[in-house]
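Hydrogens, waters and symmetry mates are skipped; everything else that's a heavy atom, side chains included, is used.
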2 protein chains.
Amino acid sequence: MGRGKIVIRRIDNSTSRQVTFSKRRNGLLKKAKELAILCDADVGVVIFSSTGKLHEFSSTSMKSVIARYRRSKDEQQLPNPASDIKVNHRIQL
Amino acid sequence: MGRGKIVIRRIDNSTSRQVTFSKRRNGLLKKAKELAILCDADVGVVIFSSTGKLHEFSSTSMKSVIARYRRSKDEQQLPNPASDIKVNHRIQL
DNA sequence: CGTCCTATATATAACGA
DNA sequence: TTCGTTATATATAGGAC
């Protein structure tokens with residue numbers, strides 16, 4: 001989507017990688033927000049740049065998204081309730 | 001980005017909302033993957049459709065992304081060491 | 001580092017089968 | 001509803017500030 005076509009592989013040049021990062025990071029966060037609004041979805045996005053800086057977006061709150069994610073995961077990975085009697089896990093954060 | 005321009009607000013029609021959801025969800029996940037590869041970033045995306053179905057993407061593992069998110073948050077929300085005597089966080093990374 | 005500009009690459013809204 | 005098709009809307013690569 002620009003003057004030239006690019007291949008999806010790690011950008012070697014540190015400077016261009018940084019530039020591309022900020023542009024695409026903004027694009028991704030915008031898309032996430034649009035998806036959440038348009039489709040009434042609960043979305044959570046976490047991005048760590050290669051320099052370790054955090055960027056995020058969450059339609060509700062990252063906390064609730066993560067909590068919901070856990071619950072959802074727990075459910076789907078417990079297809080064997082018969083042998084799992086003591087299913088008590090606390091959802092923190 | 002289609003035949004017509006749209007306003008970013010919840011799509012009332014359930015059917016179109018569903019259609020738009022699957023298209024944009026795929027788009028968002030693709031963008032997330034590209035960002036991770038191109039910019040060597042650590043990305044985590046969690047999406048719950050309005051019907052509650054989970055969709056996700058993570059460059060490494062959602063588990064590690066969430067863990068990293070927590071650490072990152074812990075650090076940044078402790079800008080008041082004066083009143084916080086028991087500030088013991090380990091800086092890793 | 002973010003911002004503006006502009007030519008292109010992509011994503012996708014509206015349809016049709 | 002689930003897929004293609006395609007006309008348009010957007011995102012963004014490249015480059016200059």
Side-chain angles (χ1 to χ4, degrees), chain A residues 1-60 62 65 72 75-76, chain B residues 1-60 62 65 68-69 71-79 91 93:
Chain A
M1 315 131 114
R3 296 298 180 79
K5 189 191 180 91
I6 61 169
V7 177
I8 303 301
R9 69 181 298 284
R10 182 196 149 97
I11 297 172
D12 294 310
N13 183 280
S14 174
T15 303
S16 341
R17 195 192 323 132
Q18 190 71 26
V19 173
T20 293
F21 176 75
S22 55
K23 286 185 177 179
R24 281 176 173 264
R25 179 200 62 213
N26 289 330
L28 187 70
L29 295 174
K30 181 181 180 184
K31 290 284 193 177
K33 186 176 303 183
E34 296 184 342
L35 178 65
I37 297 176
L38 287 170
C39 309
D40 196 31
D42 198 5
V43 183
V45 177
V46 173
I47 308 171
F48 283 101
S49 68
S50 56
T51 59
K53 193 167 182 180
L54 169 68
H55 296 275
E56 64 179 297
F57 165 75
S58 59
S59 50
T60 52
M62 194 57 78
V65 173
S72 185
E75 289 167 21
Q76 77 181 218
Chain B
M1 313 130 115
R3 296 297 181 78
K5 188 191 181 90
I6 61 169
V7 176
I8 304 300
R9 69 182 296 285
R10 182 196 150 95
I11 297 173
D12 294 310
N13 184 279
S14 173
T15 302
S16 10
R17 197 196 316 136
Q18 189 76 13
V19 173
T20 294
F21 176 73
S22 55
K23 287 184 177 179
R24 282 178 173 262
R25 179 200 61 214
N26 289 158
L28 187 69
L29 295 175
K30 182 181 178 184
K31 291 286 194 175
K33 187 176 303 182
E34 297 185 341
L35 178 65
I37 298 176
L38 286 171
C39 309
D40 196 32
D42 198 4
V43 183
V45 176
V46 173
I47 307 171
F48 284 100
S49 69
S50 56
T51 59
K53 193 167 182 180
L54 169 67
H55 296 275
E56 63 179 298
F57 165 74
S58 59
S59 49
T60 52
M62 194 57 79
V65 172
R68 189 176 180 184
Y69 174 77
R71 278 176 308 208
S72 186
K73 277 298 181 182
D74 286 343
E75 291 166 21
Q76 78 179 219
Q77 74 171 158
L78 287 179
I91 311 297
L93 161 36

Practice prompt. Return the value, rounded to whole Å, for the distance between atom NZ of B/Lys33 and atom P of C/dA11.
Written response: 12 Å

Ignoring hydrogens and angles, write down the donor-acceptor pairs under 3.5 Å from the side chains of residues 32-46 of chain B, residues two or more places apart or on other chains.
{"residue": "B/Glu34", "atom": "OE1", "partner": "A/Arg24", "partner atom": "NH1", "Å": "2.9"}
{"residue": "B/Asp40", "atom": "OD2", "partner": "A/Arg10", "partner atom": "NH1", "Å": "2.7"}
{"residue": "B/Asp42", "atom": "OD1", "partner": "B/Ser59", "partner atom": "OG", "Å": "2.9"}
{"residue": "B/Asp42", "atom": "OD1", "partner": "B/Thr60", "partner atom": "OG1", "Å": "3.1"}
{"residue": "B/Asp42", "atom": "OD2", "partner": "B/Arg68", "partner atom": "NH1", "Å": "3.3"}

Worksheet entry | Taking every non-hydrogen atom, the tightest pair across B/Val19 and B/Ser22 | O-OG, 3.1 Å

Worksheet item: Expressed in angstrom and rounded to an integer, what is the separation of A/Lys30 atom NZ from C/dT12 atom P?
Response: 12 Å

Fill in: Atom-pair distance (CZ on B/Phe21; P on D/dT1), nearest Å
13 Å

Worksheet item: When you measure from every atom of DNA chain D, which of residues 37-54 of chain B have a heavy atom less than 4.0 Å away?
Response: none

Discussion item. I need the CG-C1' distance between B/Leu35 and C/dT10, as an integer number of Å.
Written reply: 16 Å

Discussion item. What's the separation between atom CD in A/Glu56 and atom CE in A/Met62, rounded to the nearest 0.5 Å?
Written reply: 4.5 Å

Fill in: Closest listed nucleotide, where the reference is the side chain of B/Thr20 and the choices are C/dG2, C/dC1, C/dA13
C/dA13

Discussion item. In the structure I gave you, are the side-chain heavy atoms of A/Arg25 and A/Lys53 within less than 4.5 Å of one another anywhere?
Written reply: no

Practice prompt. Would you tell me if any nitrogen or oxygen in the side chain of B/Thr15 comes within less than 4.0 Å of OP1 or OP2 on D/dT1?
Written response: yes

Discussion item. For a quick check, tell me whether the side chain of B/Arg24 and the base of C/dT12 share a donor-acceptor pair closer than 3.5 Å.
Written reply: no

Worksheet item: What closest approach, in Å, do A/Phe57 and A/Leu29 show between heavy atoms, and which atom pair accounts for it?
Response: CB-CD2, 3.6 Å

Worksheet item: On DNA chain D, nearest-nucleotide positions of A/Lys31 versus B/Gly2: which is more 5'?
Response: B/Gly2

Practice prompt. Would you kindly give the CG-to-P distance between B/Asn26 and C/dT12, to the nearest whole Å?
Written response: 9 Å

Worksheet item: Taking for each residue the nucleotide of DNA chain C bearing the nearest heavy atom, is the 5' side occupied by A/Ile6 or by A/Arg25?
Response: A/Arg25

Worksheet entry | Nearest-neighbour nucleotide for the B/Lys23 side chain, C/dC1, D/dA13, C/dA13 considered | C/dA13

Practice prompt. Measure the distance from CZ on B/Arg17 to C1' on C/dA13 and round it to the nearest whole Å.
Written response: 17 Å

Worksheet item: B/Lys5 has a side chain; which of D/dT10, C/dA9, C/dA11 sits nearest to it?
Response: D/dT10

Discussion item. Looking at B/Gln18, I'd like to know whether one of its side-chain N or O atoms comes within less than 4.0 Å of OP1 or OP2 on D/dT1.
Written reply: no

Worksheet item: Of the nucleotides D/dT6, D/dT1, D/dA13, which one has an atom closest to the side chain of B/Arg3?
Response: D/dT6

Discussion item. Does any part of the side chain of A/Ile11, heavy atoms only, come nearer than 4.5 Å to the side chain of A/Phe21, both counted from C-beta?
Written reply: no

Worksheet, complete the sentence: From CD of B/Glu34 across to C1' of D/dT10 the rounded distance in Å is 14 Å

Discussion item. If I take atom CG in residue B/Asn13 and atom C1' in nucleotide C/dA13, what distance separates them, rounded to the nearest angstrom?
Written reply: 13 Å

Discussion item. Return the CZ to CG distance between B/Arg71 and A/Leu54, rounded to the nearest 0.5 Å.
Written reply: 11.5 Å

